[in-house]
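Here's the structure, in structure tokens; my notes come after.
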Amino acid sequence: MSKKKKMIIGSAAAAVVVIGIVVTLLLVFNKDEAYRVIKVLELDGSAVVERENIGELQAYTGMTLQSGDKVSVASNSMVVLQMDDDKYAYIEENSVLSMVAEGTARDSKTTIQLEKGAITCHVDGKLNGSSSYEVHTQNSVMAVRGTVFRVAFYGEEQLSDDFINDADGVVRVSVYDGEVMVTLKNPDGSMGEGKSIYAGEQAGIGNDSSSSFFLNDVDLEKLPAPESKRQVWEALQAIVNKGEKISASQEELDKILEELNGQTVYKVYYYANGQLFAIQEVNSGQTATQPDLSPSASGRWNIDFSKTIMQDTNVYWEQ
């Protein structure tokens, strides 16, 4: 073989080595710039994903979601989403939300619009200064850096008539680790007062036709306690199993589970024409039954009598 050929082969081999090194360096240094991944980590029951230009899709474990997708979780169902490698969302039954996930895994901007139901969020570790994670509702915005918290929305039909005058709905925020900045959002879209909620604390937000406001302690206590739902316990237990320390100890979680598995009695309040019509006591995990008498000849109670009762419940007569 001539010296010239040897030089060409040697140069080509060297070039391949250089290219390999460059590709490796690019993979290493661009690792944090990877495209964001949102996937259904777990699915218990059924849920529907609504995607623009496609329509409705049945959710399944391992399904990859896109920014802008709308997720609707059915009764007696739960969905766990994983965003990137460090953000988790536990979506409870009868919940509806949409997501916007922008940026990269390193510089992420996550916005969840909760329209109905409840969600427990786990952001594992602090976000950097250019990242954000927010949960929006009709009357408030919850912004976090790294924490565990739950946001629940109660519509007007879930509130007793004397709860809050002209209330369109109430939001309850429960913080189990870290800090959540809650900012009021008025009906006209303007932002109002902000308040930091810390681990072990809760806040309620209501609104009327002109403004949003923080609930006082008396009204906050009227809302169902988060711990009265098994899905909340499941979410918190899963988070603890990931190594996260939260304000509720393992002993407290075990006690909650014991109560959920026991014969805890909840009350079902039946309202008709703005008045309390009947009260029914139901053991946890059992179903309510239709009252023997009806307020009028026509109409129905707005409850699915096949659904188990896991908290105090308000039911209203619809005509």
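What you see is a predicted model, and the numbers here were worked out from it, not measured in a lab. Throughout, numbering of the chain's residues begins at 1 and tracks the sequence.
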Those residues that, when tested against Tyr60, pass side-chain contact (heavy atoms from CB on, under 4.5 Å) (two or more places apart): Met63
Under a 3.5 Å distance rule, please check whether Lys87 uses its side chain to pair with a backbone N or O of Leu81 as donor and acceptor. no
Evaluate the criterion side chain to side chain contact (heavy atoms under 4.5 Å, CB included) for residue pair Arg51 and Leu65; output intermediate values, then yes/no. CA-CA 9 Å; Arg51 183 168 297 167; Leu65 302 185; 4.3 Å; yes
Would Val175 and Tyr198 count as a side chain to side chain contact (heavy atoms under 4.5 Å, CB included) here? Give the steps. CA-CA 6 Å; Val175 181; Tyr198 298 94; 5.8 Å; no
Find out whether Glu50 and Ser72 are in side-chain contact, i.e. whether some heavy atom of one side chain is under 4.5 Å from a heavy atom of the other. no
For Val141, which fellow cluster members are found when Ile, Leu, Val, Met, Phe, Trp and Tyr are connected by side-chain heavy-atom distances below 4.5 angstrom, either directly or through intermediates? Met191
Arg145 (side chain) donor-acceptor with Asn128 (main chain) under 3.5 angstrom: yes
Is it true that Asp312 and Lys267 have a side-chain N and a carboxylate O under 4.0 angstrom from each other? no
Please step through side chain to side chain contact (heavy atoms under 4.5 Å, CB included) for the pair Phe214 and Leu220, ending with a clear verdict. CA-CA 9 Å; Phe214 286 102; Leu220 183 59; over 6 Å; no
Distance-only, no hydrogens or angles: does the Lys185 side chain make a donor-acceptor pair with backbone N or O of Thr137 under 3.5 Å? yes
With Glu92, which residues qualify under salt bridge (charged side-chain N to carboxylate O under 4.0 Å, His left out), at least two apart? Arg150, Lys229
Look only at the side chain of Ser212 and the backbone of Asn207, and say whether a donor-acceptor pair between them is shorter than 3.5 Å. no
Sequence neighbours excluded, the answer for ring-ring contact (aromatic ring centres under 6.0 Å, His included) partners of Tyr154 is none
Taking atom types as modelled, find out whether Asn94 and Ser75 have a side-chain donor-acceptor pair closer than 3.5 angstrom. yes
Check the surroundings of atom CG in Asp217: do more than 12 heavy atoms from other residues, nucleotides or ligands lie under 6.0 Å from it? no
Quick one, Val315 and Asn302 - any side-chain contact, counting heavy atoms below 4.5 Å? yes
Quick one, Val135 and Leu97 - any side-chain contact, counting heavy atoms below 4.5 Å? no
Scan residues 114-127 for pairs that pass salt bridge (Lys or Arg N to Asp or Glu O under 4.0 Å), counting only residues two or more places apart or in two chains. Lys70-Glu115
Quick one: does any side-chain atom of Ser249 pair with a main-chain N or O of Glu252 as donor and acceptor, under 3.5 Å? yes
Name every donor-acceptor pair, under 3.5 Å, that has one atom in a side chain of residues 239-247 and the other anywhere in the protein, sequence neighbours excluded.
| residue | atom | partner | partner atom | Å |
| --- | --- | --- | --- | --- |
| Asn241 | OD1 | Gln237 | NE2 | 3.1 |
| Asn241 | ND2 | Gln237 | O | 3.3 |
| Lys242 | NZ | Tyr90 | OH | 3.0 |
| Glu244 | OE1 | His122 | NE2 | 2.9 |
| Ser247 | OG | Tyr176 | O | 3.3 |

Short side-chain to backbone donor-acceptor contact, Gln280 and Ala288, under 3.5 Å: no
For the pair Gln231 (side chain) and Ser77 (backbone), establish whether a donor and an acceptor sit closer than 3.5 Å, ignoring hydrogens and angles. yes
One pair to check against side chain to side chain contact (heavy atoms under 4.5 Å, CB included): Cys121 and Val144. What are the steps and the verdict? CA-CA 10 Å; Cys121 299; Val144 304; over 6 Å; no
Does the Ser95 side chain pair with the main chain of Ala118, one donor and one acceptor, at a distance under 3.5 Å? yes
In terms of heavy-atom contacts, Ile197 and Gln202 come closest through CG2-N, 4.1 Å
Given Tyr316, which partner from the list Phe277, Tyr269, Tyr270, Tyr271 fulfils the ring-ring contact (aromatic ring centres under 6.0 Å, His included) test? Tyr271
Is a side-chain donor or acceptor of Ser131 paired with a backbone partner of Ser108 at a separation under 3.5 angstrom? yes
What's the separation between atom CD1 in Ile309 and atom CG in Asn283, rounded to the nearest 0.5 Å? 11.5 Å
Check whether any side-chain N or O of Asn216 sits under 3.5 Å from a backbone N or O of Val218 as a donor-acceptor pair, and report yes or no. yes
Are Val96 and Met142 co-members of a hydrophobic cluster defined by side-chain heavy atoms under 4.5 Å apart? no
Are side-chain N/O atoms of Thr111 and Glu134 paired as donor and acceptor at under 3.5 Å? no
